[in-house]
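Data first, discussion second: the structure below is written as structure tokens.
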Amino acid sequence: MIKLKPSVEKLNAYFVNDVPYKVKLDANEGSNYLLQGGLNIEDFNPNLYPDSDSKLLREKMALYYGCNPENILAGNGSSELINMVINAYCEKGDKVTSFVPSFSMYQTYCDLCGAEYEGVETEKDFSQNIDKLIDKSLEINPKIVILCTPNNPTGYVTAKQDIIKLLDNVKDSIIIIDEAYVDFCENSIVNLINNYEQLIVMRTLSKAFGLAGLRVGAMIANEDLVRQIWKVKVPYNINILSQCAAVKSLENINLVNLYTKEVAILREELMNNLKKLNFTVYDSGSNFIFIKSPVDNLYEKLMICGVLIRKINYNSDIYYRITVGTKEENEILLTEIKNIISGEIV
Ligand SMILES: *Cc1c(COP(=O)(O)O)cnc(C)c1O
């Protein structure tokens with residue numbers, strides 16, 4: 001077999017868990033509430049290439065995000081955009097830093113281009129000491145600093161003053177603020193894109209919009225920076241169906257507000273119920289919760305009942321990340337957990 005390049009050879013392929021389930025709470029997907037009416041085949045021309053620059057989509061996004069279309073680069077999920085930014089700045093051996101634990105794809109994209117990912121430990125309760133990230137950045141001079149807030153998988157919301165402190169102190173690195181879940185906590189710093197030339201904000205329609213299957217995300221930054229990253233964008237990166245469906249969804253943004261508020265209420269309910277069952281529950285500003293379980297092998301036991309959650313190994317401890325489901329889904333989850341607990345006592 002022909003040998004892969006060394007930086008790729010050592011990687012493990014990413015396969016997504018594919019088991020039968022009745023309730024899926026492992027990937028932070030939302031409900032399908034924006035496209036219930038479906039799409040008409042007349043709404044788009046599948047014979048034509050899509051608009052390569054996603055112009056209409058960016059206009060609609062700009063209204064929701066509170067910026068100009070020129071501040072936005074639309075991507076095939078924000079994952080594509082994160083990859084593009086890492087690729088645009090990093091060559092083999094260049095450094096990227098962020099708090100750990102955080103989104104595992106940052107490491108993956110660094111590996112793909114040979115960049116070195118250096119994590120900065122969060123505190124015992126998974127809060128972030130921003131000074132540690134600033135000190136690390138000044139020490140290793142990374143090409144990119146990534147801060148995910150609310151953080152995946154811990155749910156921690158970084159205070160705006162901390163983000164501003166990071167931006168004021170680290171001027172020689174690109175700073176990506178990954179706001180994949182910010183719609184759930186109204187803590188966005190998109191309004192600062194013209195104050196900091198190194199700032200990039202990442203947003204996605206995969207979580208709060210419930211449109212993970214469309215693969216649509218946005219990179220938001222000052223115009224000059226957006227034009228730079230455009231150089232690494234492949235043509236026609238968002239297919240015509242996704243552009244069309246995303247535009248249609250963005251015409252109902254009033255519903256997004258209602259949905260995210262409802263999820264926040266369900267999240268607090270779920271957190272309280274799990275606390276009563278002796279779970280350690282960390283504060284969360286997103287559509288998932290991060291917990292430590294009083295029962296062993298919770299992931300495996302719930303999987304047998306058809307309930308999928310995410311298991312997170314960190315510093316030789318086991319944690320779980322559970323998406324906040326609908327009222328009914330959360331009830332099924334709690335019922336199965338109670339059954340598991342009472343089964344252990346017998
Ligand atoms: C889900 C997620 C994304 C991106 O998702 P896309 O579906 O690629 O838009 C980015 N960052 C974090 C932290 C996420 O959890």
Side-chain angles (χ1 to χ4, degrees), residues 30 33-35 51 53-82 84-85 146-152 157-168 174-212 214-230 233 238 242-264 285-287:
Y33 65 101
L34 286 172
L35 279 180
D51 173 3
D53 301 339
S54 306
K55 279 188 284 297
L56 184 57
L57 173 59
R58 284 165 45 238
E59 278 169 28
K60 300 281 181 194
M61 283 176 156
L63 293 175
Y64 179 67
Y65 295 130
C67 60
N68 294 323
E70 293 75 23
N71 297 119
I72 298 181
L73 176 53
N76 195 7
S78 60
S79 303
E80 182 192 35
L81 295 161
I82 296 167
M84 274 163 54
V85 173
I146 310 179
L147 181 73
C148 182
T149 175
N151 187 35
N152 179 4
V157 180
T158 314
K160 270 191 199 173
Q161 312 89 275
D162 282 352
I163 300 178
I164 290 169
K165 193 171 183 191
L166 176 67
L167 290 163
D168 281 335
I174 288 291
I175 298 192
I176 298 179
I177 306 297
D178 186 346
E179 295 190 344
Y181 300 95
V182 88
D183 315 70
F184 296 101
C185 67
E186 299 174 355
N187 203 43
S188 176
I189 50 117
V190 165
N191 62 313
L192 297 182
I193 50 170
N194 290 313
N195 302 10
Y196 295 96
E197 61 170 27
Q198 80 277 39
L199 170 62
I200 294 179
V201 178
M202 296 291 182
R203 303 287 294 257
T204 177
L205 302 191
S206 295
K207 312 287 161 54
F209 282 67
L211 300 172
L214 296 185
R215 316 296 306 115
V216 177
M219 176 198 126
I220 310 173
N222 69 73
E223 275 185 46
D224 294 337
L225 188 41
V226 168
R227 270 199 296 272
Q228 289 290 318
I229 306 297
W230 216 283
K233 183 184 95 63
I238 308 182
S242 292
Q243 287 195 39
C244 175
V247 164
K248 196 164 167 185
S249 305
L250 283 159
E251 279 159 10
N252 290 313
I253 46 179
N254 56 319
L255 298 179
V256 179
N257 237 328
L258 294 174
Y259 174 73
T260 52
K261 291 219 164 68
E262 188 184 309
V263 171
S286 59
N287 70 337

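Just so you know, these numbers come straight off a predicted model, no measurement behind them.
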To the nearest 0.5 Å, what is the distance between [atom1] ([X]) and [atom2] ([Y])?
X: I220; Y: I177; atom1: CD1; atom2: CD1; answer: 12.5 Å
X: W230; Y: M84; atom1: CH2; atom2: CE; answer: 8.5 Å
X: K233; Y: D53; atom1: NZ; atom2: CG; answer: 5.5 Å
X: Y64; Y: N254; atom1: OH; atom2: CG; answer: 11.0 Å
X: I200; Y: N71; atom1: CD1; atom2: CG; answer: 12.0 Å
X: N68; Y: R58; atom1: CG; atom2: CZ; answer: 10.5 Å

Please give me the minimum heavy-atom distance between [X] and [Y], naming the atom from each residue.
X: A221; Y: V226; result: O-CG2, 3.6 Å
X: S54; Y: I238; result: OG-CD1, 3.7 Å
X: N152; Y: C148; result: N-SG, 3.5 Å
X: V190; Y: C67; result: CG1-CB, 4.5 Å
X: L167; Y: Q198; result: O-NE2, 3.0 Å
X: I72; Y: A62; result: CD1-N, 3.6 Å

Can you tell if the side chain of [X] reaches within under 4.5 Å of the side chain of [Y], non-hydrogen atoms only?
X: I176; Y: M202; answer: yes
X: Y181; Y: N151; answer: no
X: V216; Y: L211; answer: no
X: I253; Y: N257; answer: no
X: V85; Y: I174; answer: yes
X: Y196; Y: L225; answer: no

Between L147 and T158, is the side chain to side chain contact (heavy atoms under 4.5 Å, CB included) condition met? List the steps. CA-CA 9 Å; L147 181 73; T158 314; 3.9 Å; yes
Side chain to side chain contact (heavy atoms under 4.5 Å, CB included) for L250 and L57? Distances and angles first, verdict last. CA-CA 8 Å; L250 283 159; L57 173 59; 3.8 Å; yes
Looking at R227 and D224, does any basic side-chain N land under 4.0 Å from a carboxylate oxygen?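 Salt bridge between R227 and D224, a charged N being under 4.0 Å from a carboxylate O: yes.
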With a 4.0 Å cut-off, would you call E59 and K55 a salt bridge?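 Here E59 does not pair with K55 in a salt bridge, since their nearest N and O are not under 4.0 Å apart.
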[X]: what forms a side chain to side chain donor-acceptor pair (under 3.5 Å) with it, not counting sequence neighbours?
X: K60; value: E251
X: Y259; value: none
X: D178; value: Y106

Between N222 and E197, is there a donor-acceptor pair closer than 3.5 Å when you use the side chain of the first and the backbone of the second?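 Answer holds: yes.
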Tabulate below the donor-acceptor pairs under 3.5 Å that side-chain atoms of residues 73-82 make, not counting sequence neighbours, or state none.
unit_1, atom_1, unit_2, atom_2, d
E80, OE1, N76, N, 2.6
E80, OE1, N237, ND2, 3.0

Quick one: side chain to side chain contact (heavy atoms under 4.5 Å, CB included) partners of L63, sequence neighbours excluded?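 In terms of side chain to side chain contact (heavy atoms under 4.5 Å, CB included), with neighbours along the sequence ignored, L63 is linked to no residue.
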For A264, give me all partners under side chain to side chain contact (heavy atoms under 4.5 Å, CB included), at least two apart in sequence or on another chain.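 Expected list: R267.
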In this structure, are over 12 heavy atoms from other groups packed under 6.0 Å from E223 atom CD?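 Enclosed.
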Could you please spell out the steps behind the side chain to side chain contact (heavy atoms under 4.5 Å, CB included) verdict for K207 and D183? CA-CA 9 Å; K207 312 287 161 54; D183 315 70; 6.0 Å; no
Trace of the side chain to side chain contact (heavy atoms under 4.5 Å, CB included) decision for L205 with S249: CA-CA 9 Å; L205 302 191; S249 305; 5.7 Å; no
